[in-house]
Each structure stands twice: as C-alpha cells, then as structure tokens.
Amino acid sequence: MPRLVPAVLASVAAIASLTGCGTSEADAGTRSGGGTQVTVRIPDPGNAGVLALGKKDGSLAKALAKVHAKVAWTGSAGPFAPAAQALNADQLDIATGSITSGITSLAQTPGFKFFAATAPDPVGEGILAKEGSGIDSVKDLIGKKVAVNQGGTGEYLLLKALAEEGIPVGKVKRVYLRPDQTAAVFNAGKVDAWAVWATYSVAELGTGKARFIADGQAIGSDNYSLTAVRTGFAQKHPEVVKALYAYLHDGSVQEKKDPAAYLNVNTGAGPQALNGEAKRIQVEFTGKGGTVEPITDADIERFKDVARFYAEQKVTPTEVDIAAHLIDIEKLS
C-alpha cells in the first residue's frame with residue numbers, strides 16, 4: 001500500500017466508491033401514512049451473504065419498514081479503512097470489517113462505534129503459499145516477501161504468526177498491497193506468500209495451486225469481524241440499529257445452516273460468482289464460521305489483546321482503547 005500522499009488519494013477514491021450518490025441521513029423522506037422515514041446508508045453487499053439475499057428477496061426492506069426505515073445502497077463493500085473514513089465523514093451509516101482494521105481506524109478520530117461481533121474465522125483466513133514453493137511452515141517465511149494489507153487482517157495474521165513461532169519481525173519482509181490487487185502479484189511470484197482472509201483466499205484455494213501454511217486457528221487469531229454504525233446515527237435511531245442487528249443475527253444463523261443458499265445470489269457466472277471447488281470451499285468455511293452476536297465482556301478482553309499486540313508491534317503508536325467505542329446492543333435505547 002503506497003504511503004503518504006498516494007495513500008490519501010487512494011482513500012479518497014475508495015470513499016467515493018463507497019458513498020456513491022447516497023443521501024444524507026438528514027434528507028429522510030416522508031413515508032406512506034405520514035411521518036418520517038429514516039434512510040440508512042450501507043455498502044452494496046454484492047453477490048453473497050445475508051445482506052445480498054435480503055436485498056434481492058426484499059426481506060431486509062420488510063424488516064426495516066417495521067421501524068420506518070429503508071436502505072440506500074452506497075457503492076460496494078470493501079476494506080474497512082475507507083469505510084471508516086466514510087462513516088467519519090457522514091457519508092455512510094453501517095459497515096462491517098475486521099477488529100484489526102477497526103483498531104487502526106480508531107487510532108484516528110473515530111465517528112463510529114461497533115455494535116455486533118462475529119467470532120474469528122478459524123479456517124478461512126491465514127497465510128497462503130504456492131504449491132511446490134518449498135514454503136511449508138511459518139518458519140519457512142524467513143527471508144521471504146509476504147503480501148499484507150497495512151494495518152489490517154493481513155498484517156495482523158503475519159505478525160501474530162511470527163510471534164507465535166518466536167521469529168523476529170525483521171526476518172520477513174512485509175509487502176504492503178491492497179487486497180484486491182494482490183492476487184496478480186502473488187500468482188506472478190513477485191511475493192512468496194500472502195496473509196489474507198476468506199474473501200480472497202477462497203478463489204486461490206479453489207485453483208488447487210495454493211494452500212494455507214497456517215490458518216486462523218493455527219495462528220491463534222483474535223481477528224473478529226465487527227459491524228460498525230456511525231455514532232450520530234445510533235444516537236438518533238437506536239431502533240433502526242437494533243432492527244439491523246436482529247436481521248443480521250438471524251440471517252447469519254440461517255447462513256451457517258445452509259451456506260450455499262447465500263452464494264451466487266444475483267448471478268452464477270462472472271468474476272463475482274463462486275463455482276466448482278471454490279464454491280465447495282466457501283460452503284465449508286461458512287459452515288465452520290461464527291454468527292453475528294452481541295459484544296460480550298469476553299469478546300472485549302480479546303479485543304484488548306489485539307489492541308495491546310498492535311501497540312507492541314508498533315502498528316499503532318499507542319494502545320487503542322477499543323472498549324470506549326462499543327455499543328451494548330441489548331441495552332441500546
């Protein structure tokens with residue numbers, strides 16, 4: 001990932017993609033029968049997942065209508081860092097991302113809080129290496145180049161894996177790349193390994209040409225997936241946040257039971273679709289994954305461990321107080 005000015009320009013471009021032409025919350029329209037209808041801005045979910053199916057079958061619109069709300073889909077879902085900037089700029093109301101990207105985003109001046117958590121993915125995230133590369137363990141990464149997304153899941157997974165093996169950080173070269181640009185670099189052999197999560201790992205594993213040398217479970221990952229809400233939106237519309245939480249929770253439970261029903265929601269062809277071995281792998285990973293749940297005291301302790309680790313590894317200048325940026329969804333009113 002480029003630094004300084006190029007990084008700022010990349011973030012601005014990402015925010016533009018996220019926000020599209022979504023209206024401000026202040027522009028809420030009039031609903032049928034009188035009164036105000038709240039608009040909640042959410043990144044378009046694409047071709048898979050609970051929100052994708054809810055968008056297509058109308059169930060999300062129906063659930064939100066009960067609390068006099070509707071969705072404005074703004075751009076497309078992606079890394080959390082640009083989404084966090086869009087939340088801070090009042091251009092987005094809801095976004096999902098990793099606790100690792102969340103912590104680096106909270107190190108700025110956050111205008112959002114987290115209200116739901118999904119347990120770390122034990123099998124879909126990890127460190128990928130090419131078959132036949134001779135890289136069979138984390139120790140084999142010494143002297144090698146590993147692609148990571150700066151301050152996010154990839155950098156966390158690599159640093160955590162090295163720490164677990166007692167390998168000095170300087171023994172492995174981190175190559176900062178955007179996740180959506182890394183596959184080509186990885187497959188061209190310009191990096192030796194790739195620390196990554198299921199959004200990108202499934203396609204690589206599906207080719208049969210790459211494998212995990214360590215997955216989330218082996219690494220001891222505490223990389224939760226969190227759902228964030230813009231602070232001002234939560235304060236003004238707690239009933240909408242609670243309705244969204246309930247929808248996401250119930251949907252994630254169903255998705256875990258029948259993962260295939262939540263894949264290829266809009267199309268079974270093209271780059272957005274999963275087929276063959278990649279689809280089988282994604283179904284397996286989702287079946288072993290977690291569900292959207294309230295944030296518990298036990299979760300918070302694990303969040304603090306990640307924040308402490310990031311400070312120790314100098315990913316953040318100081319330890320981020322993540323507990324100050326959480327919402328107890330069960331007490332929200």
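These numbers were taken from a predicted model, which means no experiment stands behind them.
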Asker: To the nearest 0.5 Å, what is the distance between CD1 on Ile295 and NZ on Lys113?
Answerer: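 Answer for the CD1-NZ pair, Ile295 versus Lys113, is 11.0 Å.
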
Asker: Tell me if a side-chain donor or acceptor on Lys56 pairs with a main-chain N or O of Val265 at a distance below 3.5 Å.
Answerer: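 Side chain of Lys56 to backbone of Val265: a pair is present.
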
Asker: Under the criterion side chain to side chain contact (heavy atoms under 4.5 Å, CB included), which of Val146, Ile135, Leu205, Thr182 is the partner of Leu128?
Answerer: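 When Val146, Ile135, Leu205, Thr182 are each tested with Leu128, the side chain to side chain contact (heavy atoms under 4.5 Å, CB included) holds only for Leu205.
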
Asker: Show the numbers, then the answer: is there a side-chain contact (heavy atoms from CB on, under 4.5 Å) between Lys70 and Val40?
Answerer: CA-CA 6 Å; Lys70 66 177 182 178; Val40 53; over 6 Å; no

Asker: Give the minimum heavy-atom separation between Glu204 and Trp194, together with the two atoms involved.
Answerer: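 The answer is CG-CZ3, 3.8 Å.
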
Asker: In the structure I gave you, are the side-chain heavy atoms of Thr104 and Tyr310 within less than 4.5 Å of one another anywhere?
Answerer: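 Sidechains of Tyr310 and Thr104: in contact.
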
Asker: Could you state the interatomic distance from CD (Glu165) to CD1 (Ile219), rounded to the nearest 0.5 Å?
Answerer: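 That separation rounds to 10.0 Å.
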
Asker: With a 4.5 Å cut-off on side-chain heavy-atom distances among I, L, V, M, F, W and Y, is there a chain of contacts connecting Leu226 to Ile300?
Answerer: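 Same hydrophobic cluster.
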
Asker: Do the side chains of Asp297 and Asp299 get nearer than 4.5 Å, heavy atoms only?
Answerer: no

Asker: Under 3.5 Å, side chain of Asp305 to main-chain N/O of Arg302, donor-acceptor pair present?
Answerer: no

Asker: Anything under 3.5 Å between a donor and an acceptor, one on a side chain of residues 317-329, the other on a protein residue two or more places apart or in another chain? List them.
Answerer:
residue	atom	partner	partner atom	Å
Asp328	OD1	Glu330	N	3.1

Asker: Looking at CG of Leu87 and CD1 of Ile94, how far apart are the two atoms once the value is rounded to the nearest 0.5 Å?
Answerer: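 Between atom CG of Leu87 and atom CD1 of Ile94 there are 8.0 Å.
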
Asker: With side chains defined as the heavy atoms from C-beta onward, is the minimum distance between Leu92 and Arg230 less than 4.5 Å?
Answerer: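 Answer no - side chains too far apart.
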
Asker: Starting at CG of Asp93, measure out to CZ of Phe112 and round the result to the nearest 0.5 Å.
Answerer: 13.5 Å

Asker: Please confirm whether the backbone N or O of Ala81 pairs with a side-chain atom of Ser105, one donor and one acceptor, at under 3.5 Å?
Answerer: no

Asker: Please walk me through it: do Tyr247 and Ser59 pass side-chain hydrogen bond (donor to acceptor under 3.5 Å, both in side chains)?
Answerer: CA-CA 9 Å; Tyr247 186 86; Ser59 59; 2.5 Å; yes

Asker: Treating Asn47 as the side-chain partner and Asn266 as the backbone partner, does any N or O pair qualify as donor plus acceptor under 3.5 Å?
Answerer: yes

Asker: Please determine if Lys145 and Asp192 form a salt bridge, counting it only when a charged side-chain N lies under 4.0 Å from a carboxylate O.
Answerer: no

Asker: First locate atom CZ of Phe303, then atom CD1 of Ile99, and finally report the distance between them rounded to the nearest 0.5 Å.
Answerer: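 With rounding to 0.5 Å, CZ (Phe303) is 5.0 Å from CD1 (Ile99).
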
Asker: Answer yes if the side chains of Ser98 and Tyr156 hold a donor-acceptor pair under 3.5 Å, and no otherwise.
Answerer: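 Judged by distance alone, the side chains do not pair up.
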
Asker: Are more than 12 heavy atoms from other residues, nucleotides or ligands located less than 6.0 Å from atom CD of Glu277?
Answerer: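 Result for CD/Glu277: enclosed.
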
Asker: Do the side chains of Glu293 and Tyr245 get nearer than 4.5 Å, heavy atoms only?
Answerer: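 Tyr245 reaches Glu293 side chain to side chain.
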
Asker: Restricting to non-hydrogen atoms, name the atom on Gly251 and the atom on Tyr262 that form the minimum distance, rounded to 0.1 Å.
Answerer: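 Where Gly251 meets Tyr262 most closely, the heavy atoms are O-OH, 3.8 Å.
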
Asker: Examine the side chains of Ser221 and Asn223 and answer whether a donor and an acceptor come within less than 3.5 Å of each other.
Answerer: no

Asker: Grab the two heavy atoms, one from Val191 and one from Phe186, that are nearest each other, plus how far apart they are.
Answerer: CG2-CA, 3.7 Å

Asker: Taking atom types as modelled and ignoring hydrogens, do the side chains of Asn149 and Glu155 form a donor-acceptor contact shorter than 3.5 angstrom?
Answerer: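 No pair is found: no donor N or O on one side chain lies under 3.5 Å from an acceptor on the other.
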
Asker: Restricting to non-hydrogen atoms, name the atom on Ala261 and the atom on Leu53 that form the minimum distance, rounded to 0.1 Å.
Answerer: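 Ala261 and Leu53 have their closest heavy atoms at O-CD2, 4.1 Å.
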
Asker: Would you mind checking if Lys304 and Glu301 are paired as a salt bridge, meaning a charged N to carboxylate O distance below 4.0 Å?
Answerer: yes

Asker: Taking the side chain as C-beta and beyond, is there a heavy-atom pair between Ile42 and Leu244 under 4.5 Å?
Answerer: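 Yes, at least one pair of side-chain atoms sits under 4.5 Å.
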
Asker: Do you know which two heavy atoms are closest between Gly287 and Pro259, and how far apart they sit?
Answerer: N-CG, 4.0 Å

Asker: Assess, by modelled atom type and distance only, whether the side chains of Gln282 and Thr286 contain a donor and an acceptor separated by less than 3.5 Å.
Answerer: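 Their side chains do contain a donor-acceptor pair, which is all the 3.5 Å distance test asks for.
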
Asker: Could you tell me whether the side chain of Asn264 and the main chain of Ala269 form a donor-acceptor pair under 3.5 Å?
Answerer: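 Side chain of Asn264 to backbone of Ala269, a donor-acceptor pair under 3.5 Å: no, none is there.
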
Asker: Could Glu312 and Arg308 be called an ion pair, given the rule that one side-chain N must be under 4.0 Å from one carboxylate O?
Answerer: no

Asker: At what distance, to the nearest 0.5 angstrom, does CD of Glu239 lie from NZ of Lys242?
Answerer: 9.5 Å

Asker: Charged N to carboxylate O below 4.0 Å: is that the case for Asp136 and Arg211?
Answerer: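 A salt bridge links Asp136 with Arg211.
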
Asker: Counting only N and O atoms by type, is there a donor-acceptor contact under 3.5 Å from the side chain of Asn88 to the main-chain atoms of Gly111?
Answerer: yes

Asker: Shortest non-hydrogen contact from Val138 to Ala214?
Answerer: CG2-CB, 4.0 Å

Asker: Linking I/L/V/M/F/W/Y whenever their side-chain heavy atoms sit closer than 4.5 Å, directly or via other members, would Val253 and Leu263 fall into one cluster?
Answerer: no

Asker: For the pair Leu248 and Thr227, evaluate side-chain contact (heavy atoms from CB on, under 4.5 Å) and give the outcome as yes or no after the intermediate values.
Answerer: CA-CA 10 Å; Leu248 292 169; Thr227 305; 4.3 Å; yes

Asker: Are any side-chain N or O atoms of Asn187 and backbone N or O atoms of Ala183, one a donor and one an acceptor, separated by less than 3.5 Å?
Answerer: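 Flag set: sc Asn187 to bb Ala183 pair under 3.5 Å.
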
Asker: Flag the pair Val202 / Phe285 as yes when at least one side-chain heavy-atom distance between them is below 4.5 Å, and no otherwise.
Answerer: yes

Asker: Does the side chain of Asp44 reach to within under 4.5 Å of the side chain of Thr74, using non-hydrogen atoms?
Answerer: no

Asker: Using the ring-ring contact (aromatic ring centres under 6.0 Å, His included) rule, collect all pairs that involve residues 81-107, keeping only residues at least two apart or in two chains.
Answerer: none

Asker: Are Asp90 and Arg41 close enough for a salt bridge, meaning some N to O gap below 4.0 Å?
Answerer: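 So Asp90 pairs with Arg41 through a salt bridge.
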
Asker: Indicate yes or no for a side-chain donor-acceptor contact from Ser101 to the backbone of Gly97 under 3.5 Å, with no hydrogens or angles considered.
Answerer: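 Not a single qualifying donor-acceptor pair exists.
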
Asker: Suppose we call two aromatic rings close when their centres sit under 6.0 Å apart. Are Phe80 and Phe114 close by that rule?
Answerer: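 When the ring centroids of Phe80 and Phe114 are compared, they turn out to be within the sub-6.0 Å range.
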
Asker: Taking the side chain as every heavy atom from C-beta outward, state whether His237 and Val67 have any atom pair closer than 4.5 Å.
Answerer: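 Result no, sub-4.5 Å side-chain heavy-atom pair not found.
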
Asker: Grouping I, L, V, M, F, W and Y whenever their side-chain heavy atoms are under 4.5 Å apart, do Val169 and Leu141 come out in a common cluster?
Answerer: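 Cluster IDs for Val169 and Leu141 match.
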
